Amino acid sequence: MNELSGKLSAIEAEASASLPSVKSAEDLKVFKAKYLGRNGLVTDLLKMLGSLPAADKPDAGKQINQLKEKLLSKIGETESKLQSLSLDEALKTGVDITLPGRVFSEPGRLHPITQIMQKVQEIFMGLGFSVYEGSEIETDYYNFQALNMPPDHPARDMQDTFYVCQTSDVRRQTSEELLLRTHTSPVQIHVMKKFKPPLRMIVPGAVYRRDADVTHSPMFHQVEGLMVGDGITMGDLKGVLTEFLHQMFGAKTNVRFRPSFFPFTEPSAEVDIQCVICAGKKTLADGSPCRVCKQTGWMEILGSGMVNPKVFENVGLDPAKTKGFAFGLGIERVAMLKFGISDIRLFFENDLRFLGQF
Ligand code: FA5
């Protein structure tokens with residue numbers, strides 16, 4: 001037993017003497033292995049326990065384990081010291097703790113179509129227009145008939161329609177076609193049936209048509225406009241729409257009104273602004289033809305006209321006394337021109353590299 005006590009004291013003294021030379025994690029690993037590793041000095045003593053007389057075993061085991069505990073505690077202390085030293089060292093040699101933390105998620109933002117929709121509403125609200133909303137599923141009556149497009153009217157072909165189903169009203173013994181609205185104009189009818197003039201309103205919303213190419217999408221957004229009251233003329237229509245387009249695209253933007261046809265307005269005009277992709281030159285800088293304006297130098301942006309007297313009759317207003325103008329604006333077209341986008345499909349592909357630019 002005396003011999004064991006001597007050995008333990010010698011090991012402890014040697015370990016205490018060599019600890020100050022432990023300067024790194026690697027040194028500490030070597031130190032630990034020397035005393036407590038599989039063939040370490042303390043481990044060897046524990047292995048020898050079995051060969052001692054039974055009476056000596058408990059005391060010997062106790063002494064060896066006490067030394068083991070002491071060494072483990074010294075190793076733990078040294079480990080924490082080394083960690084704080086290495087942090088101090090790193091701070092001295094170039095870690096800038098004032099740098100902001102790493103940002104792992106990009107902030108969200110509004111879709112470009114939503115941004116343009118909001119801007120359009122802001123401009124018209126500034127001109128005294130109120131905002132109304134309508135249903136995306138409509139009856140044939142509101143989408144076509146009340147707007148002066150009876151079932152066999154050829155103008156229906158201009159808006160190739162997605163039909164939903166037939167609805168039947170058992171009490172009245174009628175059935176009616178339901179469809180995805182092809183334009184926001186049916187909301188004009190709902191509003192004029194419900195509220196008396198004077199009216200100054202816009203209707204933003206999604207509309208649907210069987211249409212698909214670089215400037216046409218099967219689902220797109222329109223903003224309908226309606227101004228009804230005493231003595232409203234085509235001059236008011238031109239004034240309001242020109243003011244809107246100048247606020248949207250800049251005061252110097254060229255705007256043109258072209259005679260057109262819509263069954264629900266008479267006379268009617270389509271409104272174009274100069275193509276911003278080719279700046280009205282019809283070809284791009286590399287000489288290739290401008291696909292967006294189809295080499296016309298202009299881009300159609302909205303349809304408009306004086307409300308057809310037949311529409312006033314359909315909503316129970318006297319066409320002799322009531323005058324007004326209406327318009328329908330394509331939001332994707334405005335966004336394409338405003339941001340210089342040549343393919344409408346980019347808005348709906350949800351590619352974050354594209355959307356992140358707005
Ligand atoms: C209409 O939808 C009429 N309701 C507009 C109107 C309202 C005229 C009130 C007179 C009075 P049009 O089919 O031209 O008209 O469509 C209006 C605008 O929607 C177009 O100028 C165009 O900018 C946009 N547009 C039409 N079809 C598509 C499509 N498939 N994809 C994207 N934009 C479209």
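Since this is a predicted model, take the numbers as computed values, not measurements.
Counting heavy atoms from C-beta outward, Glu177 and Tyr141 have side chains that stay 4.5 Å or more apart. Taking the side chain as every heavy atom from C-beta outward, Lys193 and Tyr142 approach each other to under 4.5 Å. Contact annotation: the side chain of Trp298 approaches that of Asn254 to within less than 4.5 Å [non-hydrogen atoms, C-beta and beyond]. Looking only at side-chain heavy atoms (C-beta outward), Thr283 and Cys290 stay at 4.5 Å or farther from each other. For the pair Leu36 and Leu72, the minimum side-chain heavy-atom distance is below 4.5 Å. Residues Cys293 and Cys278 form a side-chain contact, since some pair of their non-hydrogen atoms from C-beta on lies under 4.5 Å apart. Using a 4.5 Å heavy-atom threshold, the side chains of Met201 and Phe124 count as separate. Between Ser304 and Val271, the closest side-chain pair of non-hydrogen atoms falls below 4.5 Å.
With hydrogens and angles disregarded, no donor-acceptor distance shorter than 3.5 Å links the side chain of Lys321 to the backbone of Leu317. Proximity of a side-chain donor or acceptor of Arg291 to a complementary backbone N or O of Ser342 within less than 3.5 Å is not detected. With Thr184 contributing its side chain and Pro204 its backbone, the two residues share no donor-acceptor pair below 3.5 Å. Under a 3.5 Å cut-off, the side chain of Thr78 and the backbone N or O of Lys74 do form a donor-acceptor pair. Proximity of a side-chain donor or acceptor of Ser16 to a complementary backbone N or O of Glu12 within less than 3.5 Å is detected. Side-chain N or O atoms of Ser9 include one that pairs as donor or acceptor with a backbone N or O of Ser5 at under 3.5 Å. Panel note: side chain Thr242, backbone Gly239; no donor-acceptor pair is recorded below 3.5 Å. With hydrogens and angles disregarded, no donor-acceptor distance shorter than 3.5 Å links the side chain of Thr265 to the backbone of Ser268. A donor-acceptor pair is defined here as one N or O able to donate and one able to accept, closer than 3.5 Å; such a pair exists between the side chain of Thr253 and the backbone of Gly250.
With values rounded to the nearest 0.5 angstrom, Tyr132 atom OH is found 13.5 Å from His190 atom NE2. In this structure, the separation between CE on Met306 and CD on Glu266 is 11.0 Å, given to the nearest 0.5 Å. Rounding to the nearest 0.5 Å places CD of Gln63 at 10.0 Å from CG of Asp56. Atoms CG and CZ, on Leu346 and Phe354 in that order, are 4.5 Å from each other to the nearest 0.5 Å. To the nearest 0.5 Å, atom CG of residue Asp272 and atom CD of residue Gln274 are 10.5 Å apart. Distance CD1/Ile273 to CE/Met299: 8.5 Å, rounded to 0.5 Å.
Other residues, nucleotides and ligands place more than 12 heavy atoms under 6.0 Å from the NZ atom of Lys338. Around atom CE of Met48, more than 12 heavy atoms belonging to other residues, nucleotides or ligands sit under 6.0 Å away. Heavy atoms from other residues, nucleotides or ligands lying under 6.0 Å from NZ of Lys47 number more than 12. Counting non-hydrogen atoms of other residues, nucleotides and ligands closer than 6.0 Å to CD of Glu3 gives a total of 12 or fewer. Taking a 6.0 Å sphere around CD of Gln66, one finds it holds more than 12 heavy atoms contributed by other residues, nucleotides or ligands. Within a 6.0 Å radius of CG in Asp351, other residues, nucleotides and ligands contribute more than 12 heavy atoms.
Between His183 and Phe262, a ring centre-to-centre spacing not shorter than 6.0 Å is recorded.
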Test Asn143 against Thr182 for side chain to side chain donor-acceptor pair (under 3.5 Å), laying out the working first. CA-CA 7 Å; Asn143 195 81; Thr182 57; 2.9 Å; yes
Would you please test Phe358 and Thr114 for side chain to side chain contact (heavy atoms under 4.5 Å, CB included) and show each step? CA-CA 11 Å; Phe358 304 99; Thr114 311; over 6 Å; no
For Leu226 and Met192, run side chain to side chain contact (heavy atoms under 4.5 Å, CB included): C-alpha distance rounded to whole Å, both residues' side-chain angles, the deciding distance at 0.1 Å, then the answer. CA-CA 10 Å; Leu226 179 73; Met192 285 195 283; 3.8 Å; yes
How far apart are the C-alpha atoms of Tyr35 and Leu67, what are their side-chain angles, what is the distance that settles it, and do they pass the side chain to side chain contact (heavy atoms under 4.5 Å, CB included) test? CA-CA 10 Å; Tyr35 297 99; Leu67 178 60; over 6 Å; no
If you apply the rule side chain to side chain contact (heavy atoms under 4.5 Å, CB included), what do you find for Arg209 with Phe220, and how did you get there? CA-CA 8 Å; Arg209 292 184 196 177; Phe220 61 103; 3.8 Å; yes
Checking Glu14 against Lys34 for the salt bridge (charged side-chain N to carboxylate O under 4.0 Å, His left out) test, could you report, in this order, the C-alpha distance in whole Å, the side-chain angles of both residues, the deciding distance, and whether it holds? CA-CA 11 Å; Glu14 187 197 303; Lys34 179 173 177 187; 2.5 Å; yes
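Residues Arg333 and His216 bring a donor and an acceptor atom of their side chains to less than 3.5 Å of each other. With hydrogens and angles left out, the side-chain atoms of Glu243 and Gln247 include a donor and acceptor closer than 3.5 Å.
The hydrophobic cluster containing Ile301 also contains Ile116, counting ILVMFWY residues as joined when their side-chain heavy atoms lie under 4.5 angstrom apart, directly or transitively. Hydrophobic clustering of Ile, Leu, Val, Met, Phe, Trp and Tyr side chains at less than 4.5 Å, counting indirect connections, keeps Met234 apart from Phe264. Tracing side-chain contacts under 4.5 Å through hydrophobic residues (I, L, V, M, F, W, Y), one never reaches Leu110 starting from Val334; they form parts of separate clusters. Residues Leu41 and Val30 fall into different hydrophobic clusters, defined by Ile, Leu, Val, Met, Phe, Trp and Tyr side chains chained together at heavy-atom separations under 4.5 Å. There is a path of hydrophobic side-chain contacts, each under 4.5 Å, that joins Met219 to Leu180.
Annotation for Leu28 and Ile75: closest pair CD2-O, 4.0 Å, computed over non-hydrogen atoms. Shortest non-hydrogen contact noted between Ala60 and Leu49 is CB-CD2, 3.7 Å. Between Ala206 and Arg181, the shortest heavy-atom contact is O-NE, 2.9 Å. A pairwise comparison of heavy atoms in Ile344 and Ser217 identifies CD1-CB, 4.0 Å as the closest pair. Scanning all heavy atoms of the two residues, the minimum distance from Glu224 to Ser185 falls at OE2-OG, 2.8 Å. Minimum heavy-atom separation, Glu332 to Ile113: CG-CD1, 3.8 Å.
The side-chain hydrogen bond (donor to acceptor under 3.5 Å, both in side chains) test with Gln145 singles out one residue from Asn314, Thr139, Asp140, and that residue is Asp140.
Using the six-membered ring where Trp is involved, His153 and Phe261 have ring planes that are parallel, under 30° apart on the 30 and 60° scheme. Ring orientation note: the planes of Phe347 and His111 are tilted relative to one another, at an angle of 30° to 60°.
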